[in-house]
Structure formats: C-alpha cells, structure tokens
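Counting begins at 1 with the first residue of the sequence.
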Amino acid sequence: QVQLVESGGGLVQPGGSLRLSCAASGFSLDIYSIAWFRQAPGKEREGISCINSSDGSTHAADSVKGRFTISRDNAKNTVYLQMGSLKPEDTAVYYCAVGRYAYYCSDYVPGNYDYWGQGTQVTVST
C-alpha cells in the first residue's frame with residue numbers, strides 16, 4: 001500500500017524551530033521528486049520546498065528561503081523539512097507530496113504529484 005505519513009507538527013513560538021518528517025511506504029522515494037506544500041486558512045496551497053528526482057537539487061520558495069531546509073534519507077525512505085526562525089505567517093497545514101514525473105519540482109504544480117500525505121498542522125504563536 002502506497003502511503004505518505006507526515007509527523008512533527010505542533011505549536012511553536014515565533015523564532016522557534018520544528019522538523020517535519022514524511023515517511024513513505026509501499027514505494028521507494030529515491031526515484032521521485034519530493035515537495036512540501038502548505039495551506040493556510042483561506043489561502044491557496046503553496047509549494048515551499050522540493051527535491052528534484054533527476055539530480056537531487058533542492059529549491060526553496062522565497063517565503064522560506066534561508067529558514068527552511070529540505071532533505072531526504074533514502075535508507076529510511078523519509079524526507080524532512082527543517083524549519084527555523086518560524087513566523088506566525090508560517091502557520092498552516094503542511095503536506096508532503098511525491099511525483100514520479102515532476103522533473104521541474106520548483107514549478108510546484110499539484111497535478112504533477114502522484115501521492116500526498118494527510119498533512120500536519122504547524123501553528124506559530126505566542
């Protein structure tokens with residue numbers, strides 16, 4: 001059974017850090033492009049960071065550049081999003097997604113992603 005399961009969300013104060021995990025089962029992550037999206041209440045889903053399957057290059061959207069880092073552990077079949085210097089505007093549900101043919105992951109086109117996790121809530125607040 002193909003599955004992506006996110007974890008690591010929660011409540012954190014502004015300026016704090018969190019690490020999200022996305023564990024894959026039923027398939028191997030290493031041949032997929034991987035992306036993290038987020039969706040805040042009343043806003044559209046936003047692609048924020050990704051890893052290209054073709055060359056392993058990574059991308060971060062301007063909104064998170066320098067604060068968030070995406071990484072992948074092929075041995076654990078897990079992708080991570082290390083988030084730092086968190087701001088209230090980072091509050092959202094965070095989703096991981098994988099796409100076999102998402103060659104240009106930084107386009108963040110949701111239709112290019114085959115499997116999605118269920119989402120994990122991140123709340124940045126005092």
Side-chain angles (χ1 to χ4, degrees):
Q1 180 181 0
V2 172
Q3 197 171 18
L4 291 172
V5 178
E6 297 110 335
S7 61
L11 174 64
V12 63
Q13 292 187 344
S17 299
L18 280 176
R19 188 179 77 160
L20 304 184
S21 299
C22 174
S25 59
F27 67 101
S28 179
L29 275 175
D30 59 357
I31 61 171
Y32 285 80
S33 290
I34 305 159
W36 285 95
F37 290 78
R38 67 184 181 186
Q39 188 165 21
K43 294 189 177 181
E44 292 187 356
R45 189 167 295 190
E46 173 192 18
I48 58 171
S49 192
C50 67
I51 299 176
N52 275 307
S53 61
S54 57
D55 60 5
S57 61
T58 61
H59 176 270
D62 288 344
S63 58
V64 304
K65 192 171 294 181
R67 301 188 299 122
F68 292 10
T69 302
I70 190 171
S71 62
R72 178 174 63 194
D73 185 333
N74 289 337
K76 295 183 178 180
N77 215 28
T78 298
V79 62
Y80 303 98
L81 184 68
Q82 181 67 49
M83 306 187 295
S85 301
L86 284 162
K87 306 174 182 179
E89 51 263 44
D90 294 318
T91 295
V93 178
Y94 284 70
Y95 301 89
C96 62
V98 297
R100 181 69 179 89
Y101 302 108
Y103 298 123
Y104 303 101
C105 71
S106 59
D107 288 346
Y108 297 112
V109 177
N112 290 342
Y113 290 86
D114 308 304
Y115 306 117
W116 291 77
Q118 81 288 355
T120 186
Q121 176 70 47
V122 172
T123 302
V124 185
S125 176
T126 56

By side chain to side chain contact (heavy atoms under 4.5 Å, CB included), Ala24 pairs with (sequence neighbours left out) Leu4, Phe27, Leu29, Asn77
Which pairs, with at least one residue in residues 39-56 and sequence neighbours excluded, count as a salt bridge (Lys or Arg N to Asp or Glu O under 4.0 Å)?
-> Arg38-Glu46
Residue pairs, two or more places apart or on separate chains, that pass salt bridge (Lys or Arg N to Asp or Glu O under 4.0 Å) and touch residues 98-118 | none
Taking side-chain hydrogen bond (donor to acceptor under 3.5 Å, both in side chains) as the definition, give me every residue that meets it alongside [X], ordered by chain and number, with sequence neighbours left out.
X: Ser28; value: Asp30
X: Lys65; value: Asp62
X: Ser106; value: none
X: Ser33; value: Ser53

Verify the cluster assignment for [X] and [Y]: are they in a single hydrophobic cluster under the rule of side-chain heavy atoms below 4.5 Å apart?
X: Val98; Y: Val2; value: yes
X: Val93; Y: Val79; value: no
X: Leu81; Y: Tyr32; value: yes
X: Ile31; Y: Tyr115; value: yes

Pairs touching residues 50-87 that satisfy disulfide bond (SG atoms under 2.5 Å apart), sequence neighbours left out = Cys50-Cys105
Sequence neighbours left out, what pairs pass disulfide bond (SG atoms under 2.5 Å apart) with at least one residue falling in residues 60-91?
-> none
Side chains of Ile34 and Arg72 in contact at under 4.5 Å (non-hydrogen atoms) = yes
Please name all residues satisfying ring-ring contact (aromatic ring centres under 6.0 Å, His included) with Tyr104, sequence neighbours left out, ordered by chain then number.
-> none
Find the distance between CD (Gln82) and CD1 (Ile70) and round it off to the nearest 0.5 Å.
-> 12.5 Å
Which atom pair, heavy atoms only, marks the closest approach of Leu86 to Arg67?
-> CA-NH1, 3.9 Å
Going through the checks in order, is the side-chain contact (heavy atoms from CB on, under 4.5 Å) test met by Val122 and Met83?
-> CA-CA 10 Å; Val122 172; Met83 306 187 295; 3.9 Å; yes
Answer yes or no: is there a donor N or O on one side and an acceptor on the other, between the side chain of Tyr108 and the main chain of Ser49, under 3.5 Å?
-> yes
Return a table of donor-acceptor pairs under 3.5 angstrom between the side chains of residues 5-15 and protein atoms on other chains or two or more places apart.
{"unit_1": "Glu6", "atom_1": "OE1", "unit_2": "Gln118", "atom_2": "N", "d": "2.9"}
{"unit_1": "Glu6", "atom_1": "OE1", "unit_2": "Gly119", "atom_2": "N", "d": "2.6"}
{"unit_1": "Glu6", "atom_1": "OE2", "unit_2": "Cys96", "atom_2": "N", "d": "2.7"}
{"unit_1": "Glu6", "atom_1": "OE2", "unit_2": "Gly119", "atom_2": "N", "d": "3.4"}

Would you say the side-chain atoms of Asn52 and Ser57 include a donor-acceptor pair closer than 3.5 Å?
-> yes
Angle class for the Phe37/Trp116 ring planes (parallel below 30°, perpendicular above 60°, tilted otherwise)?
-> tilted
Pairs satisfying ring pair (Phe, Tyr, Trp, His ring centres under 6.0 Å), at least one member in residues 66-100, at least two apart | none
